[in-house]
Protein chains: 4
Amino acid sequence: MANEGIAARRGRPRDSAVDERVLDVAWDLLLTGGYAALNVDEVAERAAVAKTTLYRRWPTKDHLALAVVTRMIPFALVPDTGDICHDLAEFAVGMAESLHQYRTTGGSDGVSPGLAGELVAAAGRHPDIGDLIRALHARRHAMALARLQRASEREGLRTDVDHGLLIDQISGPMYYRALITGAAIDRNYAERLVRAVLDGAIIAPARAGYLGTGST
Amino acid sequence: MANEGIAARRGRPRDSAVDERVLDVAWDLLLTGGYAALNVDEVAERAAVAKTTLYRRWPTKDHLALAVVTRMIPFALVPDTGDICHDLAEFAVGMAESLHQYRTTGGSDGVSPGLAGELVAAAGRHPDIGDLIRALHARRHAMALARLQRASEREGLRTDVDHGLLIDQISGPMYYRALITGAAIDRNYAERLVRAVLDGAIIAPARAGYLGTGST
Amino acid sequence: MANEGIAARRGRPRDSAVDERVLDVAWDLLLTGGYAALNVDEVAERAAVAKTTLYRRWPTKDHLALAVVTRMIPFALVPDTGDICHDLAEFAVGMAESLHQYRTTGGSDGVSPGLAGELVAAAGRHPDIGDLIRALHARRHAMALARLQRASEREGLRTDVDHGLLIDQISGPMYYRALITGAAIDRNYAERLVRAVLDGAIIAPARAGYLGTGST
Amino acid sequence: MANEGIAARRGRPRDSAVDERVLDVAWDLLLTGGYAALNVDEVAERAAVAKTTLYRRWPTKDHLALAVVTRMIPFALVPDTGDICHDLAEFAVGMAESLHQYRTTGGSDGVSPGLAGELVAAAGRHPDIGDLIRALHARRHAMALARLQRASEREGLRTDVDHGLLIDQISGPMYYRALITGAAIDRNYAERLVRAVLDGAIIAPARAGYLGTGST
DNA sequence: GATTAAACGAGACGGTACGTCGAGTCTTGAA
DNA sequence: TTCAAGACTCGACGTACCGTCTCGTTTAATC
């Protein structure tokens, strides 16, 4: 997102320390007071950076916010331990943790969508931000798809179920709760969700795997 | 949202025509230019209403937007025809249609979250808006739960599946696509989703019901 | 300012207690926070009076303010003890005291014109208020003129000096200091002023009168 | 009022053309409709200046008004021709002319205090405006004092009269009439006033000077 | 006693302007 | 060229306060 021109360009080179200072400050503001507290002037002042410099790197406050967030909040990845139940559950838990972080920035009440909501809105305001976010999710989707593919081949996942749909059934409820209903998204919910989704999608033997039968 | 106290209220009563004019104008602006075009001054002027009056009823632009939207975009309800597959599919389709409307206000590209994203952000900015939205969804959730309960009793829905989770698995992906991935949410997707979710949740005979086997 | 038509009018008569309550409250607000604190809504609420009622009596906040002020701040009159020096000095001192009161409303610093300035502005905004104020001053002017006339006849005041001018030379500096320069207006200044003005206007014997030679 | 730092300041320098445009427009509005017509939004628009820029220079509408006025209405100075009678008369006439300008802005009736009244009120509302105005008058006062001092030395002005008081006796009535009584303040009045004040303050020979005996 | 005229309390309403906030651009001088 | 500083534009928001209007209620004089 920042710079990296290849050929040594004329003139004074960009100070890479700037990126760091700015993103740190911005993250701090986001943590403290949420999106509303992310004020460009404030960021510039605290980071001892000119607004010009700032805008040279991020064309918009929204872009800055996205940069901060993608840097600080890990994007849930899909592990591959060989146990699809376990891996999907971990995937869901990672997602839950990310979303929880979004929720709790700005001293929020833990129910409101918080930062995540603002980023969704930002995606609506700036097509390129939308593209970025969608690309990010597409990457994750592809990763999950690949994992499911391997599960089909090795772990008895039914091949007649729509893998994409299956991923939606896991990711969707997480975001739904985070953004809309405000319901809790913890490890317990993540695991129950994965179990429910996989139930019926896996041929017998796998059913007795990692997640057991569990109860709420 | 407006008034209707029962006991003879003192003072000049609120002019209910104001609500109508304002909401109409606001809706028009939203349709035309999206959330960014919803300008309080403009609304006031076009509706021939003083800004003070406007702020007396909706304390914030966000509140006004929510009012407009809840009035103009029908909230998907859960029908009850006796066929749970069909009913849930209709429910999902209704939701899809609502979300599609959110997406396409303001001449959007049909991929970005559009108005819905802004409302989610608004829910994060104003606790009371969050509460309202959550209450709305809770009402819908309860309605769906009741429908599933009846399905357990009459239509062979397995009783050992978590009904709440089941609803999340339907609503979640819809919102996920609407707000995050930008993927299409049409009748086809809605039906596939419901089929996938119910598959395994219903005891044999029902499987051959309304939705058939279908294909992407 | 209030009412009391002569012939008993039809309908409910005005409640004279209202005037009192309102003026008391208004005066209190003026004292506490100056003209800026004189808020019509606040007055109405504190006096437990409807704004309608209030506006039925004083067509404007400015009118109300004037009413309050003319009720609470005594208008300097011209005494007649037979000693023109003494009487004019007392007159000036009375004026000084009134102006001091204006100055010190609203926790002022004692230099700013305070309430008096606002009333002057009000006189500029509403012709009728201007007329009222001018009439008030005209009345005082006439009174002073009459006093000077008697001084001409009995106390050796030179008849070739312009009495009107003489009054201006006394009143003027008082208001000038109160409204413009912020200089002190106390008894000392009042007396020095009168002495200076009368000096030369009075035939010898009076010069050794009430005010002596004084210094400062 | 504008800038003029000496040391080369960092950052974009203030555009001095802005001051000019704004003050011109504001003056125009004042002339046309008086203080009530001095509308910040209007000024900004007509001067093609952002409101923010405007408020950066004048923190308040009142401050702007004062700036306009001090720029456009010449402040009466004290000439020195060697004839104290003549000079003071000119001084008074200058003051009269200024005050007349204040009175006649906004198509006033020529009796009400007009703009001057509003400025007096402004001085009461904002301590710094009061300070500015008082400083302005203090400067004039000092100038007049100096002139009187020279008159004492060269023109036979009695040294035992209080020069400050003498100035008050000239300035005071002018402002008194302008702000309070609404009486005319023309050259004739100014000259009569000066004559009356100096009469008795000057040792014989000077009495037959510039102003003669005059009549109303 | 019924009617009627006016005052009153409460509070919504219209209108106008003010001052503020924040985003993003532009113009300097210095590195 | 980049950077720091800071002025500038643009646009909207929310607030404040004034004075009017519309109810329903109360008080008294009149029929």
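Computed from a prediction, not measured in an experiment: that's the story for all the values here. Within every chain, numbering begins at 1; the chains are lettered A, B, ... in the order of the sequence lines, protein sequences first and strands thereafter.
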Asks: With sugar-phosphate meaning primed atoms plus P, OP1 and OP2, does D/A48 contact a base, only sugar-phosphate, or nothing at under 4.0 Å between heavy atoms?
Replies: sugar-phosphate

Asks: Nearest whole Å is fine: how far is F/dA12 C1' from B/K51 NZ?
Replies: 8 Å

Asks: Nearest whole Å is fine: how far is F/dT1 P from A/R57 CZ?
Replies: 16 Å

Asks: Given atom CG of C/N39 and atom C1' of F/dC18, what is their separation to the nearest angstrom?
Replies: 9 Å

Asks: Please state how far atom CZ in C/R14 lies from atom C1' in E/dC8, giving the value in whole angstrom units.
Replies: 11 Å

Asks: Of the listed nucleotides (F/dA4, E/dG24, F/dC13), which one gets closest to any side-chain atom of B/V40?
Replies: F/dC13

Asks: Remember a base hit wins even if backbone is also touched, and classify A/L54 as base, sugar-phosphate or nothing at under 4.0 Å, heavy atoms.
Replies: nothing

Asks: Map C/D62 and A/A50 onto DNA chain F by nearest heavy atom, then report which one ends up closer to the 5' terminus.
Replies: A/A50

Asks: Please report, rounded to the nearest Å, how far the C1' atom of E/dC18 is from the CG atom of D/L64.
Replies: 13 Å

Asks: Categorize A/A44 for me: base, sugar-phosphate, or nothing, with a 4.0 angstrom heavy-atom threshold over every strand shown.
Replies: nothing

Asks: Would you say the base of E/dC8 and the side-chain of C/R12 have a donor-acceptor pair closer than 3.5 Å?
Replies: no

Asks: Pick the nucleotide of DNA chain F nearest each of D/R21 and B/A36; which residue has the one closer to the 5' end?
Replies: D/R21

Asks: Using atom CG of A/L29 as one end and atom C1' of E/dG22 as the other, report the distance to the nearest whole Å.
Replies: 14 Å

Asks: Under 4.0 Å between any heavy atoms, over every strand shown, what does C/T60 touch: base, sugar-phosphate, or nothing? Just pick one.
Replies: sugar-phosphate

Asks: I'd like to know whether B/R21 forms a side chain to side chain contact (heavy atoms under 4.5 Å, CB included) with B/V25, so could you lay out the CA-CA distance, the side-chain angles of the two residues, the decisive distance to 0.1 Å, and finally the verdict.
Replies: CA-CA 6 Å; B/R21 284 207 311 274; B/V25 167; 5.5 Å; no

Asks: Distance from D/R125 atom CZ to D/D62 atom CG, nearest 0.5 Å?
Replies: 4.5 Å

Asks: Can you tell me how far apart CG (A/L31) and CE (A/M72) are? Round to the nearest 0.5 Å.
Replies: 7.0 Å

Asks: Is A/R71 salt-bridged to A/D24, going by a charged N under 4.0 Å from an acidic O?
Replies: yes

Asks: Hey, which sits more toward the 5' end of DNA chain E by its nearest nucleotide, C/T52 or B/V18?
Replies: C/T52

Asks: Walk me through it: do B/W27 and B/T105 pass the test side chain to side chain contact (heavy atoms under 4.5 Å, CB included)?
Replies: CA-CA 10 Å; B/W27 177 240; B/T105 49; 4.2 Å; yes

Asks: Where the side chain of A/Y55 is concerned, which of F/dC13, E/dA23, E/dC13 is the nearest nucleotide?
Replies: E/dA23

Asks: Just how far, in rounded Å, is P of F/dA12 from CZ of B/R46?
Replies: 12 Å

Asks: Mapping A/K61 and C/T53 onto DNA chain E by nearest heavy atom, which one lands closer to the 5' end?
Replies: C/T53

Asks: Between F/dC21 atom P and B/D15 atom CG, what is the distance in whole Å?
Replies: 15 Å

Asks: State which of F/dT2, E/dG9, F/dT30 makes the closest approach to the side chain of C/R10.
Replies: F/dT30

